[in-house]
Protein chains: 4
Amino acid sequence: MDGQDSGRGRPGRRRSEESRLAILAAAIDLLAESGYAALSIEGIAARSGTGKQTVYRWWPTKADVVLEALAVKTDLHIPIPDTGSYPGDLRAFLDASFALARTPRVLEVLRALMAHAQLDPGFGDRFRAGFLQRRRAALGVVLERAAARAELPPHLSTRTTADIVFGVIWYRVLTTTGPGDLTDPATADELAAELTGLLTGSPG
Amino acid sequence: MDGQDSGRGRPGRRRSEESRLAILAAAIDLLAESGYAALSIEGIAARSGTGKQTVYRWWPTKADVVLEALAVKTDLHIPIPDTGSYPGDLRAFLDASFALARTPRVLEVLRALMAHAQLDPGFGDRFRAGFLQRRRAALGVVLERAAARAELPPHLSTRTTADIVFGVIWYRVLTTTGPGDLTDPATADELAAELTGLLTGSPG
Amino acid sequence: MDGQDSGRGRPGRRRSEESRLAILAAAIDLLAESGYAALSIEGIAARSGTGKQTVYRWWPTKADVVLEALAVKTDLHIPIPDTGSYPGDLRAFLDASFALARTPRVLEVLRALMAHAQLDPGFGDRFRAGFLQRRRAALGVVLERAAARAELPPHLSTRTTADIVFGVIWYRVLTTTGPGDLTDPATADELAAELTGLLTGSPG
Amino acid sequence: MDGQDSGRGRPGRRRSEESRLAILAAAIDLLAESGYAALSIEGIAARSGTGKQTVYRWWPTKADVVLEALAVKTDLHIPIPDTGSYPGDLRAFLDASFALARTPRVLEVLRALMAHAQLDPGFGDRFRAGFLQRRRAALGVVLERAAARAELPPHLSTRTTADIVFGVIWYRVLTTTGPGDLTDPATADELAAELTGLLTGSPG
DNA sequence: GGATAAGCGAGACGGTACGTCAGGTCTTGTC
DNA sequence: GACAAGACCTGACGTACCGTCTCGCTTATCC
């Protein structure tokens, strides 16, 4: 996925790992200080003590820097849960997703990346392929396991189920003002119950 | 919503309706030509034959211009359907929403506004209050009617139902590349069936 | 020569005389501090407390700024001498020219402008028309007066006389290292004597 | 003049004559294509298929490359004429000098080198010592021969004579726009006649 | 009807960042 | 050690917009 094989055998100076990390760290710092809108490649280069050219050489846009920085600094890996039952797996998946999004810095970055993806079609493609699809694939594993166990409700396609799951998560991420009101405890309950066909709970 | 009472009694020249419309038209034109990212207040003023100050006097950001332009040029009013039954109303609501979003220009504008709302907290507030809440309120009427008829499935709160409806719509809007693959016909079917409790438990 | 009529009657804010002078002063200062090669429009804007765009709006290159700065700060006007005789006028012209060139700052600027004129054809044209031709015209007046008095030696055309006068001055300017060795007192003597036909054929 | 003795006895790889010639040829080519202002060491290295370091190792500035390239590609040697008389020698010297300067490529290079010498004191020293002084020395031989034959007009010092000769040549080189109007045939006539004390010709 | 008060198109202003170019330096592996 | 390759930090380029601030002018209301 990174596109360069670190140039084994090629002539020329090798990419500086030091600069790479400095750039990612600077991006994170500046993001925390002033937010994504105020982030600039100029600023990242200055803060990291590198040259603008070095940033442009390896990342096409500031959003790509942030995407990689997020992956380096934060553990974005949401483990694919395996609790033995579909309801359990789905609850675990939802809980982990909401928990991650409740981290203020992560919340802001997710918003910024999705926003940037709308404004820059090139980054949109990279974001879909490198982030959104991976998350869908993770949920896909859960759904496949459930299908193998014949636990899936019959009337919901895999696509629509995933759209509901990620739709609700992203809608909450994009339309709430702070991490506090991202979710109430009931949301994941209701959602999991609805999607797994359990009609146990009674809503408020 | 516009905050001034057209200055009844105030001295001074009145706001030029001609300029207002020229600005909104220019915004729409430029948006269609080059996309939201390339849109600028400078460009809107130049294209509309007005001064930058005139734009800044009435709209805080380019997103606000676009939001108003969209309302003027396109009929954003999705009528609150009243088919007599919850399933029918919900289907109609979903169909109208997806149909609107399938208009290429509207699709792009919706994406741009949601994106801008992420990057500019001030516009985010205005967008939520002036657009998102209105749509939720419209759906709310449908749900209230259904509640009065006791058609609501017991395990889904109003909030979660709305989150699922708008979550799926927005997720599709924000993550598909073109109007073509925004929805297949089955999506609204499945969604309406799921949320109204129809087919629950029956095999596919 | 300035190309704009200060916009009497035109709409829009008028050019800031304050900024104009600040830019010219900054150019002179930076030139004295670090030399022409280190001079940049970026630096001029920063030092003068103006924006780069303001510099670019009114001057196409840094050389044009320097040319105008020189005209403002230093009195480049070499009066056309009228001593009553061609030898006297020519001596006065030469003395004034060498004296001006002996001013260290002026010497450096003259060099830089002539250099820039070689590298940038557009500025070359402006420099010829706005500076070199004026100096030739001044000498032309002296030669015309001499012709009217029948004092001109018969074998030298006006063009060649001017080429010798300015050729020697510029050659000295461009090929000596410092103001000190720009001229010895004998140079102007010899040159004037030669061009006016005095002493011709007499032993030294 | 180049300062290294090709490393007799030194260890390590010897300088590549192939690279040297490729660099000089690339400099000439690029100069002809885009002019001196657009010439860069980066571009020379790329065009010649060498590394930037190789250029920097052997030449301090692009002007030094051009100076050497000119010497390699064009025969800059103006033979010291010996026609038997001072007027004949001087005419021959002037004619050869103007003829060389009339070669378009040479004209451009001479301008560029003189320009660069103004902006870069280090190159200025090298240019004076390696080029200008050599030309003065050549003229010096002519003048010495004339002195030995007692042909020199008494009132002109050697220095001033040389200043007039090179002053006029360089002034023409630096202030005319194209090779076409560098000289009319009369210029060398008048100049030679004036400097040798022959008062034969009548100017136009 | 004259004073006062906006709004208007125009456009200059001080800024910030863009994305690019080249400068000159420094590895890296090969010759 | 020189060489081709190429990454590095630096700094300037010229441009695009930002949001603000005059300008001269055009409506409006009010005294």
Side-chain angles (χ1 to χ4, degrees), chain A residues 7-16 18-20 38-43 45-46 48-58 60-62, chain B residues 7-16 18-20 22 38-46 48-58 60-62, chain C residues 7-16 18-20 22 38-43 45-46 48-58 60-62, chain D residues 7 10-16 18-19 38-43 45-46 48-58 60-62:
Chain A
R8 281 293 102 208
R10 272 192 305 149
R13 188 173 178 171
R14 280 202 284 274
R15 178 174 184 182
S16 163
E18 197 180 356
S19 292
R20 178 178 158 265
L39 190 65
S40 68
I41 293 208
E42 192 111 15
S48 65
T50 64
K52 282 166 68 175
Q53 197 67 262
T54 301
V55 183
Y56 280 112
R57 195 164 7 237
W58 303 108
T61 73
K62 64 173 179 170
Chain B
R8 279 296 100 207
R10 272 190 304 149
R13 188 174 176 172
R14 276 199 285 274
R15 177 175 186 182
S16 162
E18 194 180 359
S19 292
R20 178 179 158 266
L39 191 67
S40 67
I41 294 205
E42 194 107 17
I44 292 171
S48 64
T50 64
K52 284 166 67 176
Q53 194 68 265
T54 301
V55 183
Y56 280 112
R57 198 166 359 239
W58 303 108
T61 73
K62 64 173 179 169
Chain C
R8 280 293 102 207
R10 272 192 306 149
R13 188 174 176 173
R14 279 202 284 274
R15 178 174 185 182
S16 162
E18 195 180 358
S19 293
R20 178 178 158 266
L39 190 67
S40 68
I41 293 207
E42 192 111 16
S48 65
T50 64
K52 283 167 68 175
Q53 198 67 260
T54 301
V55 183
Y56 281 112
R57 197 164 6 237
W58 302 108
T61 73
K62 65 173 178 168
Chain D
R10 274 190 298 148
R13 188 174 177 174
R14 274 200 287 278
R15 177 175 186 182
S16 161
E18 196 180 358
S19 292
L39 190 66
S40 69
I41 293 205
E42 194 108 15
S48 64
T50 64
K52 283 165 69 175
Q53 194 66 262
T54 302
V55 183
Y56 280 113
R57 197 163 6 236
W58 303 109
T61 73
K62 65 172 180 169

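The sequence lines fix the lettering, A, B, ..., with proteins before strands; numbering per chain opens at 1.
- If you find the closest nucleotide of DNA chain F to C:Gly12 and to D:Ala45, the one lying nearer the 5' end belongs to D:Ala45.
- Nearer to the 5' terminus of DNA chain E, by closest-nucleotide assignment, is the contact made by C:Thr50 (compared with the other of A:Pro60 and C:Thr50).
- Mapping A:Arg57 and C:Glu42 onto DNA chain F via the closest heavy atom, the residue that lands nearer the 5' end is A:Arg57.
- At the phosphate of E:dT16, neither OP1 nor OP2 sits under 4.0 Å from any side-chain N or O atom of A:Ser40.
- Annotation: side chain of C:Trp58 is in contact with side chain of C:Arg15 (closest heavy-atom distance under 4.5 Å).
- Side chain of D:Lys52, nearest nucleotide from E:dG23, F:dT26, E:dC26: E:dG23.
- Straight-line distance from the CD atom of D:Gln53 to the C1' atom of E:dC26: 8 Å, rounded to whole Å.
- Nearest to the side chain of A:Tyr56, among E:dT20, E:dC8, F:dC8, sits E:dT20.
- Put simply, the side chain of D:Lys62 gets close to the backbone of D:Leu39: a donor and an acceptor are under 3.5 Å apart.
- Taking atom CZ on B:Arg14 and atom C1' on E:dT4, their separation rounds to 16 Å, with Å as the unit.
- Nucleotide F:dC9 holds its C1' atom 12 Å from the CD atom of A:Glu18, rounded to whole Å.
- Ranking E:dG9, F:dT20, E:dA6 by closeness to the C:Arg13 side chain, first place goes to F:dT20.
- When distances run from any side-chain atom of D:Thr54 to the nucleotides E:dC13, F:dA4, E:dC8, the shortest one goes to F:dA4.
- A:Ile41 and A:Thr61 get closest at one heavy-atom pair: CD1-C, 4.1 Å.
- Whole-Å rounding puts the B:Ile44 CD1 to F:dA16 C1' distance at 15 Å.
- Within the 4.0 angstrom heavy-atom criterion, only backbone atoms of the sugar-phosphate kind lie near B:Gly49; the bases stay farther away.
- The distance from atom CD1 of D:Ile41 to atom C1' of E:dT25 is 13 Å, rounded to the nearest whole Å.
- The side chain of B:Arg10 contributes no N or O atom lying less than 4.0 Å from OP1 or OP2 of F:dC30.
- Not a single donor-acceptor pair under 3.5 Å links the side chain of B:Thr54 to the backbone N or O of B:Thr50.
- C:Ser19 has a side-chain polar atom (N or O) that falls below the 4.0 Å cut-off from OP1 or OP2 of E:dG14.
- If you take CZ of B:Arg20 and P of E:dC8, they are 12 Å apart, rounded to a whole angstrom.
- Taking atom CH2 of residue C:Trp58 and atom C1' of nucleotide E:dG14, one finds them 15 Å apart after rounding to whole Å.
- Looking at every heavy atom in both residues, A:Gly51 comes nearest to A:Ala45 through C-CB, 3.9 Å.
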